[in-house]
Participant: 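Can you keep this structure in mind? I'll have questions shortly.
Quick note: numbers below take in every heavy atom, side chains included, and nothing from hydrogens, waters or symmetry partners. Throughout, numbering of the chain's residues begins at 1 and tracks the sequence.
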Amino acid sequence: VQLQASGGGLVQAGGSLRLSCAASGRTISGYNMAWFRQAPGKEREFVAGVTWSAAAIYYADSVKNRFTISRDNAKNTVYLQMNSLKPEDTAVYYCAARYRAGDLYSYIRAAQQDGYAYWGQGTLVTVSS
């Protein structure tokens with residue numbers, strides 16, 4: 001499956017953005033999906049993850065109650081709604097997919113980057129103070 005992230009840009013602190021991750025090649029209903037981010041000079045970190053049916057959703061503590069991950073399997077797209085943005089949210093945001101078959105998707109597994117078989121190219125989010 002190929003993933004294409006979009007929706008990044010420059011926003012003031014307190015503002016909102018919605019990122020999209022459009023998949024092609026295969027339907028995302030076969031995958032658990034997640035967003036990660038990498039800030040300048042830092043390692044890539046987990047942001048949010050969602051099971052194939054959206055029955056379970058996980059968030060990093062740093063974004064809980066501000067970000068919302070969702071998916072539309074019919075549109076083959078995953079979203080990340082980001083509200084109340086802070087300068088520390090500045091990063092390149094990546095979407096990722098992992099096979100759902102046999103995947104007991106917990107928070108720990110969602111945050112494990114090496115469990116994801118497919119990655120998008122990233123979209124830059126810059127939050128100014």
Participant: Look at atom CG of Leu124 and say whether more than 12 heavy atoms of other residues, nucleotides or ligands are closer to it than 6.0 Å.
Facilitator: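 More than 12 within 6.0 Å, yes.
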
Participant: Name the orientation class of the two ring planes belonging to Tyr116 and Tyr105 (parallel below 30°, tilted from 30 to 60°, perpendicular beyond 60°).
Facilitator: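 Rings of Tyr116 and Tyr105: perpendicular, as their planes differ by over 60°.
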
Participant: Is there a path of hydrophobic side-chain contacts, each under 4.5 Å between heavy atoms of I, L, V, M, F, W or Y residues, that connects Val63 with Val78?
Facilitator: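 Yes.
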
Participant: Quick one: does any side-chain atom of Asn76 pair with a main-chain N or O of Ile28 as donor and acceptor, under 3.5 Å?
Facilitator: yes

Participant: Transitively linked via ILVMFWY side-chain contacts under 4.5 Å: Leu3 with Trp119?
Facilitator: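 No, it is not one cluster - the side chains of Leu3 and Trp119 are not joined through contacts under 4.5 Å.
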
Participant: Is there a side-chain contact between Gln38 and Tyr94 in this structure, where contact means two heavy atoms from C-beta onward sitting under 4.5 Å apart?
Facilitator: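 Counting from C-beta outward, Gln38 and Tyr94 do come under 4.5 Å.
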
Participant: Check step by step if side-chain contact (heavy atoms from CB on, under 4.5 Å) holds for Met82 and Val125.
Facilitator: CA-CA 10 Å; Met82 305 185 296; Val125 172; 3.8 Å; yes

Participant: Can you tell which of Asp72, Leu19, Ile69 makes a side chain to side chain contact (heavy atoms under 4.5 Å, CB included) with Tyr79?
Facilitator: Asp72

Participant: Could you state the interatomic distance from CZ (Arg98) to CG (Asp114), rounded to the nearest 0.5 Å?
Facilitator: 8.0 Å

Participant: Can you find a pair of side-chain heavy atoms, one from Tyr31 and one from Val1, that are under 4.5 Å apart?
Facilitator: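 Yes; the side chains approach each other to less than 4.5 Å.
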
Participant: Is the centre of the Tyr93 ring less than 6.0 Å from the centre of the Phe36 ring?
Facilitator: no

Participant: If the test is side chain to side chain contact (heavy atoms under 4.5 Å, CB included), which one of Thr123, Asp89, Val92, Thr90 qualifies with Arg37?
Facilitator: Asp89

Participant: Check whether any side-chain heavy atom of Tyr107 lies under 4.5 Å from a side-chain heavy atom of Phe46, and answer yes or no.
Facilitator: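 Side chain of Tyr107 against side chain of Phe46, heavy atoms only: contact under 4.5 Å found.
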
Participant: Taking Asn32 for its side chain and Ala110 for its backbone only, find out whether a donor-acceptor pair lies under 3.5 Å.
Facilitator: no

Participant: One thing to verify: whether Arg100 and Asp103 come together as a salt bridge, which I'm taking to mean a side-chain N less than 4.0 angstrom from a carboxylate O.
Facilitator: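 Result for this pair is no, no salt bridge flagged.
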
Participant: Treating Gln121 as the side-chain partner and Ala5 as the backbone partner, does any N or O pair qualify as donor plus acceptor under 3.5 Å?
Facilitator: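 Answer holds: yes.
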
Participant: Do Trp35 and Phe67 make the cut of ring centroids closer than 6.0 angstrom?
Facilitator: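 Centroid separation for Trp35 and Phe67: 6.0 Å or greater.
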
Participant: Donor-acceptor check, side chain of Tyr58 to backbone of Thr51, threshold 3.5 angstrom: yes or no?
Facilitator: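 Such a contact is absent between Tyr58 side chain and Thr51 backbone.
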
Participant: So do Arg66 and Lys86 actually touch side chain to side chain, heavy atoms under 4.5 Å?
Facilitator: yes

Participant: Where do Gln81 and Asn83 come nearest, in terms of heavy atoms and distance?
Facilitator: NE2-OD1, 2.9 Å

Participant: Is the side chain of Arg109 donor-acceptor paired with the backbone N or O of Leu104 at a distance under 3.5 Å, no angle test?
Facilitator: yes

